[in-house]
Peer 1: 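Attaching a single structure in structure tokens format; questions to follow.
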Amino acid sequence: DGGITQSPKYLFRKEGQNVTLSCEQNLNHDAMYWYRQDPGQGLRLIYYSQIVNDFQKGDIAEGYSVSREKKESFPLTVTSAQKNPTAFYLCASSSRDRHGEQFFGPGTRLTVL
Amino acid sequence: QQQVKQSPQSLIVQKGGISIINCAYENTAFDYFPWYQQFPGKGPALLIAIRPDVSEKKEGRFTISFNKSAKQFSLHIMDSQPGDSATYFCAASISGSWGKLQFGAGTQVVVTP
């Protein structure tokens, strides 16, 4: 069953802590993306990666970091430098020749206590 | 600033009615315009997409109308059903930009029985 998995579904973090969100895909897609979703603001791109060991900043990268050591995996770390981290985080992937058609995971809801 | 402006923010339609969501953009380099459907607590899913070389695309009860000169595009949901109740996002991207989608703010559609 091909798709994208994100874990955990819910995550609680204390202020000042770093936290890592997992994203795995078995679609054999080259490109992977991280978005942040806030109410009334649509989806905003945090980071994206076209190939293994390479990634670029999106529109709101400050306070976030990523790695792409394997084609299947694109974890996102929310650092303590992110001023307002409470949000719904979505991971997506796309194939090389149809990069506009992105497949999304179920999301991780992060709450900072 | 948001590169894709979406309206209305929310709409209520009776079962069997037509739902219409509008989007406008400024960047004439955009050449791919997808619509995504998102149910509460889930990731968005690609619904239908259009390129600017056609003025209309229909898939079942969903139709995209595209007006290149006005830089506007819209989603029409014909014969709306309660199962269509969801949030709809329009988006736009540029070929060669590795799927960097610019999303509208979203429209919450509620279909009443």
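Per chain, numbering begins at 1; letters A, B, ... match sequence-line order.
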Peer 1: With a 4.5 angstrom heavy-atom cut-off, which part of A:Phe103 approaches chain B: side chain, backbone, both or neither?
Peer 2: neither
Peer 1: Are the side chains of A:Leu90 and B:Pro44 in contact, using a 4.5 Å heavy-atom criterion?
Peer 2: yes
Peer 1: Going by salt bridge (charged side-chain N to carboxylate O under 4.0 Å, His left out), name the pairs with one or both residues in residues 37-46 of chain A, residues two or more places apart or in two chains.
Peer 2: A:Arg36-A:Asp38, A:Asp38-A:Arg44
Peer 1: Contact between B:Ile94 and B:Lys100 at the side-chain level, heavy atoms closer than 4.5 Å - yes or no?
Peer 2: no
Peer 1: Pick one: which of B:Gln6, B:Gln38, B:Gln37 meets side chain to side chain donor-acceptor pair (under 3.5 Å) with B:Tyr88?
Peer 2: B:Gln37
Peer 1: If you check every heavy atom in residues 47-84 of chain B against those of chain A, which residues fall under 4.5 Å?
Peer 2: none
Peer 1: With side chains defined as the heavy atoms from C-beta onward, is the minimum distance between A:Arg13 and A:Val78 less than 4.5 Å?
Peer 2: yes
Peer 1: So how far is it from A:Glu62 CD to A:Gln82 CD, rounded to the nearest 0.5 Å?
Peer 2: 7.5 Å
Peer 1: Count the heavy atoms belonging to other residues, nucleotides or ligands that lie under 6.0 Å from NZ of A:Lys83, then report whether that count exceeds 12.
Peer 2: no
Peer 1: Between atom CZ of A:Phe88 and atom OG1 of A:Thr108, what is the distance when rounded to the nearest 0.5 Å?
Peer 2: 7.5 Å
Peer 1: What residues of residues 103-113 of chain B sit under 4.5 Å from chain A when only non-hydrogen atoms are counted?
Peer 2: B:Phe103, B:Gly104, B:Ala105
Peer 1: Does any heavy atom of chain B fall under 4.5 Å from the side chain of A:Leu43, the backbone, both, or neither of them?
Peer 2: both
Peer 1: Going by heavy atoms in the side chains, are B:Pro34 and A:Glu101 under 4.5 Å from each other?
Peer 2: no
Peer 1: Relative to chain B, which segment of A:Gln37 carries a heavy atom at a distance below 4.5 Å: side chain, backbone, both, or neither?
Peer 2: side chain
Peer 1: Can you say whether the rings of A:Trp34 and A:Phe74 are parallel (under 30°), tilted (30 to 60°) or perpendicular (over 60°)?
Peer 2: tilted
Peer 1: Measure from NZ or CZ of A:Arg68 to the centre of the six-membered ring of A:Phe55, then state whether that distance is under 6.0 Å and the direction lies within 45° of the axis.
Peer 2: no
Peer 1: Among residues 15-24 of chain B, which ones touch chain A with a heavy-atom distance under 4.5 Å?
Peer 2: none
Peer 1: For the interface with chain B, which of A:Gly42, A:Cys91, A:Pro39 has the highest count of heavy-atom pairs at distances below 4.5 Å?
Peer 2: A:Gly42
Peer 1: Can you see whether A:Gln102 engages A:Tyr35 through a side-chain donor-acceptor pair at a distance of less than 3.5 angstrom?
Peer 2: yes
Peer 1: Answer yes if the side chains of A:Ser49 and A:Tyr33 hold a donor-acceptor pair under 3.5 Å, and no otherwise.
Peer 2: no
Peer 1: Using ring centroids (six-membered ring only for Trp), state whether B:Tyr25 and B:Phe33 fall under 6.0 Å.
Peer 2: yes
Peer 1: Taking the side chain as everything from C-beta on, heavy atoms only, tell me whether A:Val19 gets closer than 4.5 Å to A:Leu21.
Peer 2: yes
